[in-house]
Amino acid sequence: MEHSVLLSELKEKGYEPLIFGKERPARDLLFARLWAPAQTVFDPAALYLGSTSQMPDPETDSEFTFFCCGEPVDFSRYARSPFTLAYFGSAVSQAALFNASLESISRLQEISAGMHLLVNALFSGNGLQYLVDTAAQIFGNPIYVVDLQHKYLAISAGLIPDNAFFTAESQSGYISEKGIASIRANRLDEKVRKSGTAYYYVNELVQKGMLVDAVRIQGIEVGHIMMLESERPFRDFDADFFHRFSNLVSMELQKDSAYTRNKGVMYSYFLSDLLKNPGQDASRIRERLRLLGYNLKDTFYIVAIPPAGHSTSDLQLNVILERLIRIFSGSIYVIYEDTIVFFISRELFQNLSEYEMSQLADYLLANQLKAGISNFFRQLEDMPSFYRQAVDAVKLGLKLNDPSPVYYYSDYYVYKLLETAEQNGENLRFLIHPGLMRLYLYDQEKGTEFIATLREYLHQPGQSSQVAKNLHIHKNTLLYRLGKIRELMGCELAVGEEFMNMNLSMMVLKYLGMM
């Protein structure tokens, strides 16, 4: 125990010492010893206690701590002593002072031993659950860790209170609506923040005491830890000990980038959890968001800027995020897998507005960023798939050298199918329509531009004048080329299926970089 902490605790017990000599507030005192006048070797980690009738020599050239009581002496002789002397008065008995000091030091020794086990658990690499299980065994009571959306991140195993309320909460994985209402009615979060350490209160729902402390990362509150007084009464030092444990929980959570990168925003954790843990109960998720004050609309979109769409540091990612928050107001966002992700909720027939998209495009262009936008979806449990859509849209858009800053998955899903087929060993060149392949080889041999002409014609079928204008050729030249194209391909381009086949083959050519 630090010298200054010991003195502070003794003052709380009513002791009023006078201090002389050289003070070392941060000196650790690990054990207590009765003063032996003949002693010549001193341990700086020891607290020595004695009477003013037998005092150390003021010139003793050692650093140690000496507590004394009894009739006053000339303490001015100790003003420049290299050790610390604390005089507790004539009314204090040496036995009482020794017991009070030893009690405080013994308490710290127990905390130190427990912290040693907890630090080992932290660095074992076994994760938050193992850390919480270890702490529950040390404290002898159940421990819970929750995030700001009231989701249980860890519940200690083995010590399960015989209480229907906690059993139901443990099974659901969330603090219940009744529990949230109680927290708000008692302004518990506010009281915990003000306490600066573990806060004790009696949980009215279970009629048991609890210690609650905030978990912070870089000063930002990201969750809470709770301990239920169900198996054994709390000890005097449990609040201080539990507060130290909260710092270890913070260190464990910092291993998860969702906590270090998202500034403690409760919805960010919700979104990160959905992305990491697909297949969750959608009705329960909707209800959790409702309790947190966020009402979902009918349809959803994912907007993502993955690593392929940026090359930047964490700090810059947060700067980018702050700007996009102003564009997509009311959305939920997170930095996940080095990707900026926005979850946008809209009414069924309410698309992303032209204003939003123009603002997004302008910002992305100005900062050389690329964003992907998923198709819309309506089931929350499908979010991971649509997140992949947004990420894949960026990757495919870059692969195809699309200069646009925004890539819609709806424009690239065929290319995704081609990518999947290629990854499964399919030779995509074999999927090209034979007529189009003949046209491609003719261009290569003769230096003509029939592929480019056909691509433009397929883009605007039946609009010969506009096609000729786009190609900067006369309409008669276009008609001649189209006649030659039909001849070479052996295809009249007269029915929809022919257009579909040629368009698909064009996409294969583009995907393979042959155009």
Side-chain angles (χ1 to χ4, degrees), residues 308-309 357 361 364-365 368 370-375 389-515:
M357 296 315 302
L364 296 175
L365 278 171
Q368 298 180 315
K370 303 287 186 178
I373 300 180
S374 73
N375 295 341
Q389 282 191 1
V391 171
D392 286 340
V394 174
K395 292 180 179 178
L396 290 165
L398 291 172
K399 175 181 175 64
L400 299 170
N401 296 315
D402 188 335
S404 172
V406 181
Y407 304 124
Y408 292 88
Y409 186 77
S410 56
D411 295 333
Y412 293 95
Y413 73 93
V414 174
Y415 297 110
K416 180 61 180 177
L417 294 175
L418 295 175
E419 181 183 67
T420 302
E422 185 179 45
Q423 290 170 350
N424 289 333
E426 186 74 43
N427 191 326
L428 299 185
R429 290 175 67 95
F430 299 164
L431 300 180
I432 300 172
H433 189 281
L436 189 65
M437 180 57 76
R438 283 194 294 269
L439 193 65
Y440 173 80
L441 295 174
Y442 188 88
D443 269 356
Q444 296 295 303
E445 182 179 340
K446 304 295 185 181
T448 52
E449 298 180 355
F450 289 148
I451 288 289
T453 301
L454 179 59
R455 180 177 59 186
E456 190 64 35
Y457 180 73
L458 292 172
H459 183 62
Q460 296 186 346
Q463 302 181 52
S464 299
S465 298
Q466 186 61 47
V467 172
K469 181 179 179 180
N470 292 344
L471 292 172
H472 307 290
I473 60 176
H474 194 274
K475 184 177 179 180
N476 290 338
T477 303
L478 172 64
L479 295 176
Y480 166 77
R481 287 187 185 180
L482 290 174
K484 187 66 174 177
I485 288 169
R486 290 186 177 97
E487 177 187 334
L488 290 168
M489 290 197 309
C491 174
E492 290 299 318
L493 291 176
V495 296
E497 187 173 339
E498 291 177 329
F499 277 91
M500 182 187 71
N501 289 337
M502 293 306 161
N503 269 313
L504 179 57
S505 292
M506 282 286 188
M507 297 178 82
V508 175
L509 285 176
K510 184 176 181 180
Y511 179 81
L512 294 175
M514 297 171 64
M515 293 178 60

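This chain uses plain numbering: 1 for the first residue, then up along the sequence. Note that these values count all heavy atoms, side chains included, but never hydrogens, waters or copies made by symmetry.
Checking Tyr415, Tyr409, Tyr413 one by one against Asp392, the side chain to side chain contact (heavy atoms under 4.5 Å, CB included) holds for a single residue, Tyr409.
Residue pairs satisfying the side chain to side chain donor-acceptor pair (under 3.5 Å) criterion with at least one member in residues 428-453, sequence neighbours excluded, are listed as follows: Asp443-Thr448, Thr453-Arg481.
Taking CD1 of Ile432 as the start and CE of Met506 as the end, the distance is 10.5 Å to the nearest 0.5 Å. Atoms CG and CD1, on Leu478 and Ile473 in that order, are 5.0 Å from each other to the nearest 0.5 Å. Taken to the nearest 0.5 Å, the OG1 atom of Thr477 stands 13.5 Å off from the NE2 atom of His472. The distance from atom CG of Leu493 to atom OH of Tyr457, rounded to the nearest 0.5 Å, is 6.5 Å. A distance of 15.0 Å separates NZ in Lys484 from CG in Leu454, rounded to the nearest 0.5 Å.
Panel note: side chain Lys370, backbone Pro403; a donor-acceptor pair is recorded below 3.5 Å.
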For side-chain contact (heavy atoms from CB on, under 4.5 Å), just list the numbers for Met507 and Asn503, CA-CA rounded to whole Å, side-chain angles, deciding distance to a tenth of an Å, and then say yes or no. CA-CA 6 Å; Met507 297 178 82; Asn503 269 313; 5.5 Å; no

Lys416/Thr420 under side-chain contact (heavy atoms from CB on, under 4.5 Å): CA gap, chis, key distance, verdict: CA-CA 6 Å; Lys416 180 61 180 177; Thr420 302; 4.2 Å; yes

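Smallest separation of non-hydrogen atoms from Leu479 and Ser464: CD2-OG, 4.4 Å. Of all heavy-atom pairs between Leu364 and Ala371, the closest is CD1-CB, 3.6 Å. Between Gly372 and Ala393 the shortest heavy-atom distance is CA-CB, 4.2 Å. Of all the heavy atoms in Gln460 and Gln466, the pair that sits closest is OE1-CG, 2.9 Å.
A 4.5 Å side-chain heavy-atom check between Lys510 and Arg455 finds every atom pair outside the cut-off. Counting only heavy atoms from C-beta outward, the side chains of Met502 and Met489 approach each other to under 4.5 Å. Taking 4.5 Å as the limit, every side-chain heavy atom of Asn470 sits out of range of all side-chain heavy atoms of His459. Proximity of Ile451 to Leu436: side-chain heavy atoms (C-beta onward) are separated by under 4.5 Å at one or more points.
Partners of Leu428 according to the side chain to side chain contact (heavy atoms under 4.5 Å, CB included) rule, which considers only residues two or more places apart in sequence or in another chain, are Leu418, Ala421, Glu422, Glu426, Leu431, Val508, Tyr511, Leu512. Looking at residues two or more places apart in sequence or on another chain, you find no side chain to side chain contact (heavy atoms under 4.5 Å, CB included) involving Tyr480.
Looking at Asp402 and Tyr412, their side chains do bring a donor and an acceptor atom within 3.5 Å of each other.
Residue Gln423 places its CD atom among more than 12 non-hydrogen atoms of other residues, nucleotides or ligands, all under 6.0 Å distant.
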